[in-house]
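For reference, the structure discussed in these notes is given below.
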Amino acid sequence: MDTIIPDFQPNGLLPVADYSVTFAQLRNSVLINGPRLNKSSFWDSNWRSDLVNNLEILVTQLWYIGILDVFVDGSFVEDKDHPNDIDGYFVCDERFVRDNQLARSLNLLDPHKIWTWDPASRRPCRGYPKRQLPMWHQYRVELYPHFSGLLTGIRDKYGNDMEFPSAFRQSRRDNCPKGIVKLLPEITDDSQ
């Protein structure tokens, strides 16, 4: 088993760091296969694998248009048997978001046209308290654009609104610092 992503700490969080992995490495990690020690009999590797397959579809679309810095977080990167989804963010130019070129470019690639962050596009889902974006309904993944100065609505323990990089590097349940995952494209050797 690949140890690029270490086992969870006793509090169920990854040790503090950014773990840069390819999708192949992610699929061979503790995030799919479960903790090496004290693995629950309810650990849902199949569900987690399905989530990663969906994540790969969306991240590949981001990479195609030149967005390379993509991070994932949420309960998916915690010791939770069956996470509801995968949350993440990607770093991009503010102008690309503000003029809606980002969503247009991505929707040209996605057959379901799910790329939007418009609050009016959120729809309810039975059993979930909040309305979800179209990408969540289709893929069970939510990826948000990030640029300097963009606040998330997630607050730190002092009540301050945070940007994605800091918000995603702490547990939402208790504000403990934690590790996250950065996704890397596979390196291919075209010389053969």
* Asked: With distance as the sole test, does Arg123 use its side chain to make a donor-acceptor pair with the main-chain N or O of Arg131 at under 3.5 Å?
  -> no
* Answer with yes or no whether the hydrophobic clustering places Tyr89 together with Val16; edges join I, L, V, M, F, W, Y residues whose side-chain heavy atoms lie under 4.5 Å apart. => no
* Asked: What are the two closest heavy atoms between Glu94 and Phe147, and how far apart are they?
  -> CG-CE1, 3.4 Å
* Asked: Are any non-hydrogen side-chain atoms of Asn53 and Phe23 less than 4.5 angstrom apart?
  -> no
* To do: Spell out, as yes or no, whether a donor-acceptor pair under 3.5 Å connects the side chain of Arg169 to the backbone of Pro165.
  => yes
* Asked: Does Leu102 share a hydrophobic cluster with Tyr144, counting links as ILVMFWY side-chain heavy atoms below 4.5 Å and allowing steps through other members?
  -> yes
* **same_hphob_cluster(Trp136, Val59) at 4.5 Å side-chain heavy-atom cutoff** => no
* To the nearest 0.5 Å, tell me how far Arg48 CZ sits from Asn46 CG. => 12.0 Å
* Under a 4.0 Å N-O cut-off, is there an ion pair linking Arg140 with Asp50? -> no
* Asked: Which distance, rounded to the nearest 0.5 Å, do you find between the OG of Ser75 and the CG of Asp85?
  -> 5.5 Å
* Does a side-chain heavy-atom distance below 4.5 Å link Phe164 with Pro145? -> no
* Side-chain (Glu78) to main-chain (Leu13) donor-acceptor, under 3.5 angstrom -> no
* Structure fact -> CG (Asn11) and SG (Cys176) are apart, to the nearest 0.5 Å, by 5.5 Å
* Asked: Looking only at atom types and distance, does a side-chain atom of Lys113 sit under 3.5 Å from a main-chain N or O of Asn107, one as donor and one as acceptor?
  -> yes
* Asked: Is there a chain of hydrophobic side chains (I, L, V, M, F, W, Y, each step under 4.5 Å between heavy atoms) that links Leu26 to Trp43?
  -> yes
* Structure fact -> What one should report as the nearest heavy-atom pair of Trp63 and Ile67 is CD1-O, 3.0 Å
* Applying side chain to side chain contact (heavy atoms under 4.5 Å, CB included), name anything that partners Arg155, two or more places apart in sequence or on another chain. => Asp161
* Could you tell me which non-hydrogen atom of Asp93 sits nearest to which non-hydrogen atom of Arg95, and how far apart they are? => OD1-N, 2.7 Å
* **Whether Ser45 side chain and Ile32 backbone form a donor-acceptor pair below 3.5 Å** => yes
* Structure fact -> When rounded to the nearest 0.5 Å, the distance separating NE2 of His137 from CZ of Arg122 is 9.0 Å
* Asked: Heavy atoms, side chains only, cut-off 4.5 Å: are Val21 and Ser29 in contact?
  -> no
* Val181 side chain reached by Leu183 side chain, heavy atoms, under 4.5 Å -> yes
* Asked: Short question: side chain of Asp7, backbone of Arg36 - any donor-acceptor pair under 3.5 Å?
  -> yes
* Asked: Would you say Ile86 and Tyr128 are hydrophobically clustered, going by side-chain heavy atoms of ILVMFWY under 4.5 Å?
  -> no
* Can the ring centroids of Phe90 and Phe71 be said to lie less than 6.0 angstrom from one another? -> no
* Distance-only polar pair, side chains of Thr60 and Glu56, donor-acceptor under 3.5 Å -> no
* Output the distance between atom OG1 (Thr116) and atom CG (Leu106), rounded to the nearest 0.5 Å. => 11.0 Å
* Taking side chain as C-beta onward, heavy atoms only, is His112 less than 4.5 Å from Tyr139? -> yes
* To do: Please report the C-alpha distance between Val77 and Ile5 in whole Å, then the side-chain angles of each, then the deciding distance to 0.1 Å, and finally whether the side chain to side chain contact (heavy atoms under 4.5 Å, CB included) criterion is met.
  => CA-CA 10 Å; Val77 300; Ile5 299 176; over 6 Å; no
* Would you say the side chain of Val30 lies within less than 4.5 Å of the side chain of Phe8, judging by non-hydrogen atoms? -> yes
* **Approximate separation, where rounding is to 0.5 Å, of Asp73 CG and Ser171 OG** => 9.0 Å
* Asp110 vs Leu58 side-chain heavy atoms within contact, under 4.5 Å -> yes
* Under a 4.5 Å cut-off applied to non-hydrogen side-chain atoms, are Tyr19 and Gln25 in contact? -> no
* Looking at Gly74 and Asp87, what are the two nearest heavy atoms and their distance? -> CA-OD2, 3.7 Å
* Does the gap between the ring centers of Phe76 and Trp47 come in under 6.0 Å? -> no
* Asked: Gln170 and Lys157: side chain to side chain contact (heavy atoms under 4.5 Å, CB included), yes or no, with the steps?
  -> CA-CA 10 Å; Gln170 73 173 22; Lys157 62 184 175 184; over 6 Å; no
* Let me see the working for Phe96 and Ile65 under side chain to side chain contact (heavy atoms under 4.5 Å, CB included), right down to the final yes or no. => CA-CA 11 Å; Phe96 204 33; Ile65 66 166; 3.8 Å; yes
* Asked: When you look at Phe168 and Met162, which way does the side chain to side chain contact (heavy atoms under 4.5 Å, CB included) test go after all the steps?
  -> CA-CA 9 Å; Phe168 272 28; Met162 297 186 295; over 6 Å; no
